[in-house]
Amino acid sequence: TQLLEQSPQFLSIQEGENLTVYCNSSSVFSSLQWYRQEPGEGPVLLVTVVTGGEVKKLKRLTFQFGDARKDSSLHITAAQPGDTGLYLCAGRANTGNQFYFGTGTSLTVIP
Amino acid sequence: DAMVIQNPRYQVTQFGKPVTLSCSQTLNHNVMYWYQQKSSQAPKLLFHYYDKDFNNEADTPDNFQSRRPNTSFCFLDIRSPGLGDAAMYLCATSPDRGGNQPQHFGDGTRLSIL
């Protein structure tokens with residue numbers, strides 16, 4: 001059972017466009033993290049969201065945690081080729097101690 | 001400076017020939033994880049050590065084993081690699097298991113099976 005579903009799975013856009021990636025679950029999470037993974041490297045933490053409704057900004061990236069702490073979104077403004085990579089949401093559900101990764105969104109930004 | 005170091009970056013082995021991948025950390029974190037990641041997919045947790053306590057995922061094949069001789073090092077042993085085991089293997093650490101603890105990843109070892 002996949003606890004964290006991401007959409008879309010693949011996304012290819014032109015440089016300068018905006019995009020949103022979604023991370024959804026039927027379970028409540030105490031926190032969610034977003035990672036970006038570039039080819040041939042390990043995932044790198046971008047942000048952790050903890051409070052329901054929380055919004056965090058990291059330059060052109062905006063992260064939101066749903067009010068019920070079951071979902072999260074990542075919005076990228078004016079995408080750059082350097083944003084290309086695999087975006088992963090992850091976190092621990094309130095029940096149990098297991099750490100789950102989302103299904104991943106592979107983003108390609110075309111110059 | 002790299003804090004989670006995986007060696008080697010690329011490993012080639014023969015079908016059925018045992019192989020060991022290594023991970024070391026300079027963060028003094030209690031928890032070390034091993035993940036398997038196939039192309040364009042999310043990492044799949046194989047197992048983790050909480051200090052010396054080994055925690056295996058229910059669907060991790062018996063072919064995969066792990067050792068943690070001390071806080072800094074953790075090894076992934078694949079006893080009889082099959083073609084389906086070709087993947088990127090990622091090691092990660094976290095200070096503890098609870099709540100908001102992020103994971104720090106190494107750059108992975110890409111394993112190929114001939």
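A, B, ... follow the sequence lines: proteins, then strands. Residue 1 opens every chain.
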Interatomic spacing from NE2 in B:H104 to CG in A:L45 - rounded to 0.5 Å: 7.5 Å
If you count heavy-atom pairs under 4.5 Å between each of A:S106, A:G104, A:P39, A:G40 and chain B, which one has the most? A:G40
Quick one: closest heavy-atom pair of B:L90 and A:P43, and the distance? CD1-CD, 3.8 Å
Side chain to side chain contact (heavy atoms under 4.5 Å, CB included), that's the test. Do A:F101 and B:K44 meet it? Break it down for me. CA-CA 8 Å; A:F101 270 97; B:K44 178 181 181 299; over 6 Å; no
If you count heavy-atom pairs under 4.5 Å with chain A, which of B:P43, B:C91, B:G108, B:A92 comes out on top? B:P43
Residues from residues 73-80 of chain A approaching chain B under 4.5 Å (heavy atoms): none
Are A:V47 and A:Y87 co-members of a hydrophobic cluster defined by side-chain heavy atoms under 4.5 Å apart? yes
A quick test of your reading: do over 12 heavy atoms of other residues, nucleotides or ligands sit less than 6.0 Å from NZ of A:K57? no
If one checks every heavy atom of B:Q6 against chain A at 4.5 Å, the contacting part turns out to be neither
Against chain B, label A:E38 side chain, backbone, both or neither, depending on which of its atoms sit under 4.5 Å from a heavy atom there. neither
Are B:M88 and B:I78 connected into the same hydrophobic cluster when the rule is that any two of I, L, V, M, F, W, Y join if their side-chain heavy atoms are below 4.5 Å apart? no
Measure the spacing between CZ of B:R9 and CD of A:E41 and express it to the nearest 0.5 Å. 7.0 Å
Can you name the residues of residues 60-68 of chain B that have some heavy atom under 4.5 Å away from a heavy atom in chain A? none
Quick check: closest heavy atoms across A:G102 and B:A42, and the distance to 0.1 Å? O-CB, 2.8 Å
Between the side chains of A:Q37 and B:Q37, is a donor N or O closer than 3.5 angstrom to an acceptor N or O? yes
